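Report on the structure given below.
None of these values were measured; they are calculated from a predicted model.
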Amino acid sequence: MEDCKLSIALIIFLIMVVTGELIPTTLEGPFKPVTRSFDPSLRKGSDDLPMDDPRLNKNVTSMFPEQIALALSSPTSMWVSWVTGDAQIGRNVTPIDPETVASEVWFGKESGKYLMKQTGVSTVYSQLYAFPKLLNYTSGIIHHVRIDGLEPGTKYYYKCGDSSLPAMSEEHVFESFPLPGPNMYPHRIAVVGDLGLTSNSTTTIDHLIVNDPSMILMVGDLTYANQYLTTGGKGASCFSCAFPDAPIRETYQPRWDGWGRFMEPLTSRVPMMVIEGNHEIEPQASGVTFQSYLTRFSVPSNESGSNSNFYYSFDAGGVHFMMLGAYVDYNSTGAQYAWLKEDLHKVDRSVTPWLVAAWHPPWYNSYSSHYQEFECMRLEMEALLYQYGVDIVFSGHVHAYERMNRVYNYTLDACGAVYITVGDGGNIEKVDVDHADDPGKCPSAGDNKPEFGGVCHLNFTSGPAEGKFCWDRQPDWSAYRESSFGHGILEVVNSTYALWTWHRNQDIYKENSHGDQLYIVRQPQLCSIASKNSETKPSSPPMAATAGFMASTQLKVPFFGSFIFYFLFFSLIFLHWL
């Protein structure tokens, strides 16, 4: 029987070799930079969905729950959040009393049998302006309930609401995650950035649902509520076009409610882990910021010891995720850095081999848009992430797709993280197509100032870009880039291999079609903490990329070695499936 299984696996492998279906691995890197040109038959953007779009409509009445969303709390607990009541918008708004409706979740292992019940907290928030032409807003009642005592890898059925009214939701279902361990991983992890609420956004989410994720990583810029009125649904590039005399940037908070309804078919059954982007800042006249983000989403901040919803961590099977804040203090003397250092120190790589970090603005980016915008954050934090061997970093902000070769301090490095930008979920601001290395497209050193933090733009000190702010060709650390809307899927196979696939929206109607794809391979023996320098920040401007990885001879695999490697690898996968 075992011989039969191996024979079948060998046949599958040989078919893949003949048909050219072998998926590359990072062991074969660094890869020669590739740019997939923007398809001129595609539009660079699309209009915002109107508020009367059926996917944004409120379909419940009175105090019945809507905008239901899940978020991981711990390996044995889950957050359930929802909204009841009606939001108000106008010059004069009166907040609803959150005590008028209870926060209950009834759940169990069988459909219709809810043997367990837990209660939580509720609140409201307001978005207020002093300028008379800007409309104030107060939310419906936002509920958060933490249900615990969950068994790993188990399907649960639940309802939420207030059983005394009665005003309970319809039944929903989710599956709890496996406990942390080197052989247990979520089925598929979807990664999305800068989603918005346009017709492109709907294609992204429809495409994502087809890929059946078990978790969503949302890397900032969720609704673009702060641009809905000022753009008029057409993507105008100004903050206060509607009211040029306004002293503050306006937001249209009903977009948050529409976005919650738009996402509910997915988030009511799949946990979504979020981190803030610049479009979540949403300042008020009193100086309050991020009120929508902080009030609407449950994240495991207390559970991970951060005590701040701007940065936190969590485990999903054998993956430890760190969600970092780029719009709060990230300096090495601050609270976030101290928390991150302690969080990394506590990670047991024998239990959670994979370290994945995410934040909104990318450190490595070869597009003109946001080029070197968050160099200050990179200079403060990159050495710490490198010291502890972070494997993958996801970011958004730039409205295009880009995957880097393994890199550290702008130098190709076999122990550096694989940085991936996915800031093209479908937002109103259109896809980015200009590269900083295109003739005439290099931004000036005074451009791309961040909305938080300082400016640390640097010229390269050696290599192909010596003495320059921009490269004159696609940088060696940029492995693959293309301007397209879409989402990514991360499938962790075991403690060493993870398959990353970029799904372009234009491929949604093509069978088994996708964009960029490769296996990310960990090398813990080569890249242990002991084999790296002690924790220090770079003391000089970053060096340009070298011609290849350090110790590249250890990473190159000859044809016969590759054959054996792929044969064993796919045989193991096949045996696992059987």
Separation of Ile489 CD1 from Asn211 CG (nearest 0.5 Å): 4.5 Å

Validation row: Glu280, Asp221 side chains within 4.5 angstrom (heavy atoms): yes

Side-chain donor-acceptor pair present, Glu28, Tyr519, cut-off under 3.5 Å: no

Flag, side chain of Thr35 to backbone of Ser37, donor-acceptor distance under 3.5 Å: no

Test item: side-chain donor near acceptor, Glu373 and His397, under 3.5 Å: yes

Pairwise side-chain contact, Met184 with Phe177, heavy-atom cut-off 4.5 Å (strictly under): no

Short side-chain to backbone donor-acceptor contact, Arg261 and Leu56, under 3.5 Å: yes

Basic-acidic side-chain contact under 4.0 Å: Arg188, Glu491: yes

Test item: Arg522 side-chain N/O and Ser495 main-chain N/O as donor-acceptor pair under 3.5 Å: yes

No-hydrogen, no-angle side-chain donor-acceptor test under 3.5 Å, Glu264 and Ser268: no

Which atom of His487 lies closest to which atom of Val192, heavy atoms considered: CB-CG2, 4.0 Å

Sidechain-backbone polar pair: Ser483 side chain, Phe38 backbone, donor-acceptor under 3.5 Å: no

Lys/Arg N to Asp/Glu carboxylate O, Arg378 vs Glu375, below 4.0 Å: yes

Shortest non-hydrogen contact between Pro464 and Arg473, atoms and distance: CG-NH2, 3.1 Å

Check: Asp48/Thr198 side-chain N/O donor and acceptor closer than 3.5 Å: no

Distance-only side-chain donor-acceptor flag, Asn448 / His370, under 3.5 Å: no

Whether Arg349 side chain and Gly389 backbone form a donor-acceptor pair below 3.5 Å: yes

Non-hydrogen side-chain atoms of Gln336 and Val328 separated by less than 4.5 Å: yes

Distance-only polar pair, side chains of Gln474 and His435, donor-acceptor under 3.5 Å: no

Heavy-atom side-chain proximity of Gln67 to Arg296 below 4.5 angstrom: yes

Heavy-atom closest pair, residues Asn365 and Tyr371: O-CD1, 3.3 Å

Heavy-atom side-chain proximity of His320 to Val356 below 4.5 angstrom: no

Under 3.5 Å donor-acceptor, Asp438 side chain and Lys441 backbone: no

Met377 vs Trp359, side chain to side chain contact (heavy atoms under 4.5 Å, CB included): CA-CA, chis, key distance, verdict: CA-CA 11 Å; Met377 184 182 181; Trp359 58 85; 4.0 Å; yes

Side-chain donor/acceptor of Trp339 to backbone N/O of Ser304, under 3.5 Å: yes

Donor on one side chain, acceptor on other, Tyr386 and Asp413, under 3.5 Å: yes

Parallel, tilted or perpendicular, as decided by the 30° and 60° cut-offs, for the rings of Trp256 and Trp259: perpendicular

Spatial distance of atom CG (Leu340) from atom CG (Leu385) [nearest 0.5 Å]: 5.5 Å

Distance-only side-chain donor-acceptor flag, Thr202 / Ser199, under 3.5 Å: no

Salt bridge flag under 4.0 Å for residues Asp516 and Arg403: yes

CA sep, side-chain torsions, deciding dist, call: Ile520, Arg406, side chain to side chain contact (heavy atoms under 4.5 Å, CB included): CA-CA 10 Å; Ile520 298 172; Arg406 289 193 178 276; 3.7 Å; yes

Test item: side-chain donor near acceptor, Glu303 and Ser74, under 3.5 Å: no

Non-hydrogen atoms of Ala316 and Phe321 that approach each other most closely: CB-CE1, 3.8 Å

Under 3.5 Å: donor-acceptor pair, side chain of Thr352, backbone of Trp354: no

Gly220 backbone acceptor or donor facing Glu276 side chain under 3.5 Å: no

Arg255 charged N/C atom sitting above Phe262 aromatic ring, 6.0 Å / 45°: no

Tyr157 side chain near His172 side chain, heavy-atom distance below 4.5 Å: no

Polar side chain donor-acceptor pair, Glu451 to Asn278, under 3.5 angstrom: yes

Criterion ring pair (Phe, Tyr, Trp, His ring centres under 6.0 Å) on Tyr480 and Phe31, from CA distance to verdict: CA-CA 9 Å; Tyr480 182 93; Phe31 300 99; over 10 Å; no

Any side-chain donor near an acceptor of the partner, Asp343 and Ser313, under 3.5 Å: yes

Any donor-acceptor N or O pair under 3.5 Å, side chains Asn309, Ser301: yes

Pro361 side chain near Tyr327 side chain, heavy-atom distance below 4.5 Å: yes

Verdict with supporting geometry, Tyr367 and Tyr401, ring pair (Phe, Tyr, Trp, His ring centres under 6.0 Å): CA-CA 10 Å; Tyr367 284 81; Tyr401 173 76; 9.6 Å; no

Salt bridge present between Asp432 and Arg481 (N-O < 4.0 angstrom): no

Spacing of CH2 belonging to Trp363 relative to CD belonging to Glu382, to within rounding of 0.5 Å: 6.0 Å

Heavy-atom closest pair, residues Ser395 and His360: CB-O, 3.4 Å

Under-4.0 Å salt bridge between Asp424 and Arg504: no

Pair Thr204-Asn505, side chain to side chain donor-acceptor pair (under 3.5 Å): steps then yes or no: CA-CA 6 Å; Thr204 297; Asn505 279 357; 2.8 Å; yes

Heavy-atom side-chain contact between Ile275 and Leu324 under 4.5 Å: no

Pair Val274-Val299, side chain to side chain contact (heavy atoms under 4.5 Å, CB included): steps then yes or no: CA-CA 8 Å; Val274 302; Val299 298; 4.2 Å; yes

Candidate pair Leu195 and Leu222, rule side chain to side chain contact (heavy atoms under 4.5 Å, CB included), full reasoning: CA-CA 5 Å; Leu195 183 61; Leu222 283 67; over 6 Å; no

Pair Tyr364 and Trp477, ring centroids less than 6.0 Å apart: yes

Glu402 side chain to Ser366 backbone, donor-acceptor under 3.5 Å: yes

Aromatic centroids of Tyr410 and Phe460 separated by under 6.0 Å: yes

Residue pair Val270 / Leu70: nearest heavy atoms and the distance that separates them: N-CD1, 3.9 Å

Side chain to side chain contact (heavy atoms under 4.5 Å, CB included) partner of Met404, the single match among Ile420, Val393, Asp476, Thr421: Thr421

Rounded distance [0.5 Å steps], OG in Ser368 versus CG in Asp437: 8.0 Å

